[in-house]
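Take a look at the structure set out below.
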Amino acid sequence: MRRQGPPSEIARLAAPVARVLDWAWQRMHWWVALMVVLYMFSGLTVVRSDEVAVVLRWGRLVGETPALQEHGPGLFFAFPKPIDQVVRVQVRHVWEVPVTTLTINAATYDPNDPANAKSINPTAHGYALTGDDNIVHVSMVARYRIREPAQWAFYGPKSEDVLRAEVTAAMMRSLGEMGVDRVLAEGRKDLIAIATKRAQAGLDDAHSGLELSSLELTRLSPPLSLATEFDAVQSAYIGAETKKKDAQGYAESVIPQAQGEADAAVQAAHGEASSGLATAKGEADAFHALDKEYRANPGVVRERLYRDAVEKALGGSRQVRWVPPPTGRSYNGFRITVRQGAATPSAVAATDDEAQ
Amino acid sequence: MGYSLDSLDSIDSLRVQKWLRGIVGSLALLAIVFSATGVVVREGEAVLITRFGRPLRAATQPGLHWKLPFPIDRATLLDMRRRVYETGHTEMLTRDKKNMIARTFVVWRIGDPIVFIQSIGAESAAEGKLDGLLTNAAIGTLGSHDLSAMVSTNPADLQVDQIESELLSSTAPLAMRSYGVAIDQIRLERIALPEENTAAVFDQMRAERRQFAAKFDAEGEREASRVRSEADLEAAKIRAQGSEEQARIRGESAAQIAKTYADAHRIDPELYRFTRSLDSIDKLVNSNTSLILRTDTEPFSLLESKGKR
């Protein structure tokens, strides 16, 4: 290893470097051992909390079933390359993809362009046809996660493309079998449910290994240029409902009112009846009492009653005139005149020449 | 050994060193041989082995495969994963002579690496071939169905599943045979109308909306007046029942009162007549009454007879 001969200037200067190299070279076995150890441990992998790891040994997937293939979070020991290859997949993360294939392209759509009010270019702007041949725009947000990591990593298509395509196809088809009024109102939930189910079936069919965890409609509307017509129907509907409600309110007030009136009338009749009966009973009792007295002393009672009545009548009347009893059996030349203009026969002038 | 800095410098260490060198050397040789002859085929990949440029075989099963070293055999890596291809928008005519625009997408993968490489070569070129194949199939298949097979509120009309399977069966065998492409799925991604036709749809939608608005207005009006008149009728019925009840109670009470009086007066009709007469006088005379009495009316007759005497 070392050259013989007189030490040159270069050799003298290089001596410390050569000494270090020599030292390192002599311990080469240690370096090799260290490298071998490092290589042996190069298969050690940390699987993070939202991941699972699958292992390829000589390129082949290890494990027969998904449960045996997937390794959860933690430290995972695999053989070094090229024997093993560890593929980590984020299975718990939920990704979000906006799906705008069935809605207008906002960048190129001018709502003030009169041509847009008349028609729509199907290649420039997305839309879907409903079952009753109406045009609607839908924009969606699809959320997905990886359900089968091995399938997704080694066999599935690139996730977002397949997701967008499957969701679009599923939504287009689901809209194509429902009427526009159902879709825009109470059928929205059904629509989402059906489309989600279809999209998932498509994703499974495409061996994507993905799970569509939710599908949200961020917009579902008729064409912009028809918005006023659709709003008019909506307000007509609300107006009709208001009218019905008003009528029901009227019914709810008028019937209890009538009931109340009827009850009051019956109640009043009951009141009248009982008070009338009470009066009648009172009078009957009074009559009994009077009768008792009368039987004991008919003349006196009769006289007293008669006088009381006459006194009361005289006291209560406005005017009392006296006329003598007729001579013979009838009055002659006796006249009663009632003054005109008076509200009541207020004055009586009696001239009785014959009598005088 | 004059530069020795370490006490491990011995004959023993030299032997270990030699042994290690031997191992390292043979390992390196093994690695070189392996890299030249071993082919690791991963899941989702395939390796096409060509001998002097002629395709020899395709290693599609994942695992370790062998080949002869370069330049005899060469290995070409192929991505066997599924891919999604969306066709362009194609205008076509349905069986019921309606213009429509359809777009499909296909999920495909390399089914036969040798045929694929020979007929298509690059993966990007596959899409052009697929587009042609799918467009033809779509024109043929959709031309034998009505538009209502895809868009209808009547479930009996809808035949999307059938259309999709027809598309698949008319393209998949051909794609496999001609291009080595396996088609897993074909779906209708969009069904639309040409721009000229959308104008008619807009007009029809407008007319339909107006009709609906008018219908709602009329229905609301009718329903409201029905509810009102029913309520009025009901109220009138209730009032009538009330009046009837009232009249009945009044009648009963009048009868009872009459009976009470009659029972009392039956005891002494003569006294009754007398008291009634007196009551009548009382009732007839009020503050507006003028009385004209004969001077011989009791008890004033007393005054008269006194005066005369």
Side-chain angles (χ1 to χ4, degrees), chain A residues 19 22-23 29 58-61 118-123 129 131-132 134 154-155 157 161-162 165 168-169 173 176-177 179 205-206 229 232-233 236-237 240 243-244 247 250-251 254-255 258-259 262 265-266 269 273 276 280 284 287 291 294 309 313 316-322 324-325 344, chain B residues 3 5 17 20 40-44 62-64 82-84 89 101 105 107 151-153 158 160 185 187 189 192 195 198-199 205-206 209 212-213 216-217 220 223-224 227-228 231 234-235 238-239 242 245-246 249-250 253 257 260 264 268 271 278 281 285 288-292 294-296:
Chain A
R19 217 178 304 159
D22 198 36
W23 180 84
H29 50 287
W58 296 118
R60 195 199 304 264
L61 191 62
K118 287 207 193 93
S119 64
I120 189 160
N121 179 354
T123 50
L129 286 170
D132 50 0
N134 278 240
F154 307 122
Y155 295 103
D161 281 352
V162 70
T168 306
R173 187 173 163 188
E177 56 188 37
D205 203 23
E229 278 84 356
V233 172
Y237 177 77
K243 272 180 197 158
K244 285 184 206 167
Y250 171 76
V254 92
I255 291 173
Q259 192 68 55
V266 170
F287 187 76
D291 186 54
Y294 182 68
S317 67
R318 190 169 177 269
Q319 217 176 12
V320 182
R321 294 273 163 152
W322 296 101
T344 49
Chain B
Y3 294 102
L5 295 171
Q17 217 166 323
L20 259 174
V40 173
V41 178
R42 282 165 30 110
E43 297 271 349
L64 194 55
R82 286 173 181 80
R83 271 159 272 210
V84 174
H89 293 87
I101 287 174
F105 76 83
V107 176
V151 173
S152 172
T153 47
L158 292 163
V160 181
Q185 187 186 36
R187 299 193 86 186
E189 193 185 352
E195 186 162 8
T198 58
M205 284 172 80
R206 276 200 185 91
R209 288 302 113 188
F212 274 141
F216 280 136
D217 276 340
E223 179 68 11
V227 169
R228 269 172 209 273
E234 181 69 20
I238 290 168
R239 282 205 185 85
E245 179 73 5
Q246 190 184 32
I249 292 163
R250 277 190 181 145
S253 107
I257 289 166
T260 310
D268 195 341
L271 177 65
L278 294 183
I281 293 171
V285 175
N288 280 328
T289 315
S290 295
L291 285 177
I292 299 162
R294 272 163 54 160
T295 47
D296 60 349

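Letters A, B, ... are given to chains in the order of the sequence lines, protein chains preceding strands, and every chain is numbered from 1. All of these numbers come straight from a predicted model, not from anything done at the bench.
Once rounded to the nearest 0.5 Å, the distance linking OG1 of B:T198 with CG of A:L129 reads 10.0 Å. Note: A:D291 CG to B:D268 CG = 4.5 Å, rounded to the nearest 0.5 Å. From A:R173, atom CZ reaches atom CD of B:E189 across 14.5 Å, with rounding to the nearest 0.5 Å.
Between B:V84 and A:A165, the closest heavy-atom pair is CG1-CB, 4.3 Å. Nearest heavy-atom pair across B:I249 and A:A273 is CG2-CB, 4.0 Å. Here the shortest heavy-atom pairing between A:I255 and B:A235 reads CG1-N, 4.4 Å. Nearest heavy atom pair, residue A:A284 against residue B:A264, reads CB-CB, 3.6 Å.
Side-chain contact check for B:E195 versus A:S119: some heavy-atom pair is nearer than 4.5 Å. Considering only heavy atoms from C-beta on, B:V41 stays 4.5 Å or farther from A:W58 through its side chain. Two residues are said to be in side-chain contact when any heavy atoms from C-beta on lie closer than 4.5 Å; A:K243 and B:V227 fail this criterion.
When heavy atoms are compared at a cutoff of 4.5 Å, B:I257 approaches chain A by way of both its backbone and its side chain. Only the side chain of B:V107 comes within contact range of chain A, with at least one heavy atom under 4.5 Å from a heavy atom of that chain. At a 4.5 Å heavy-atom cutoff, the contact between B:L64 and chain A is made by backbone and side-chain atoms alike. For a residue to count as touching a neighbouring chain, one of its non-hydrogen atoms must lie under 4.5 Å from one of that chain's; by this rule B:L158 touches chain A with the side chain only. Interface residue A:Y294: only side-chain heavy atoms are found under 4.5 Å from chain B. Only the side chain of B:R187 comes within contact range of chain A, with at least one heavy atom under 4.5 Å from a heavy atom of that chain.
Using a 4.0 Å cut-off between a side-chain N of Lys or Arg and a carboxylate O of Asp or Glu, A:K244 and B:E223 do not qualify as a salt bridge.
Contacts with chain B were tallied for A:A265, A:G276, A:A309, A:G179; A:A265 has the most, counting heavy-atom pairs under 4.5 Å. The choice from A:V162, A:D161, A:V254 that makes the most heavy-atom pairs within less than 4.5 Å of chain B is A:V254. If you tally non-hydrogen atom pairs under 4.5 Å between each of B:D217, B:V160, B:I281 and chain A, the highest count goes to B:V160. Chosen from B:R239, B:H89, B:R250, B:R83, the residue pairing most often with chain A at heavy-atom distances under 4.5 Å is B:R239. If you tally non-hydrogen atom pairs under 4.5 Å between each of B:P62, B:A192, B:G220 and chain A, the highest count goes to B:P62. The residue among B:Q185, B:R42, B:R82 with the most heavy atom pairs within less than 4.5 Å of chain A is B:R82.
Side-chain atoms of B:T153 never come within 3.5 Å of backbone atoms of A:D132 as a donor-acceptor pair (strictly under, hydrogens ignored). Checked by atom type and distance alone, the side chain of A:E229 never pairs as donor or acceptor with a backbone atom of B:R206 at under 3.5 Å.
With a 6.0 Å radius and a threshold of 12 heavy atoms from other residues, nucleotides or ligands, B:F216 has its CZ atom above the threshold. Around atom CZ of A:R60, no more than 12 heavy atoms belonging to other residues, nucleotides or ligands sit under 6.0 Å away.
Listed by chain and residue number, nothing satisfies the ring-ring contact (aromatic ring centres under 6.0 Å, His included) test with B:F212 (two or more places apart in sequence, or in another chain).
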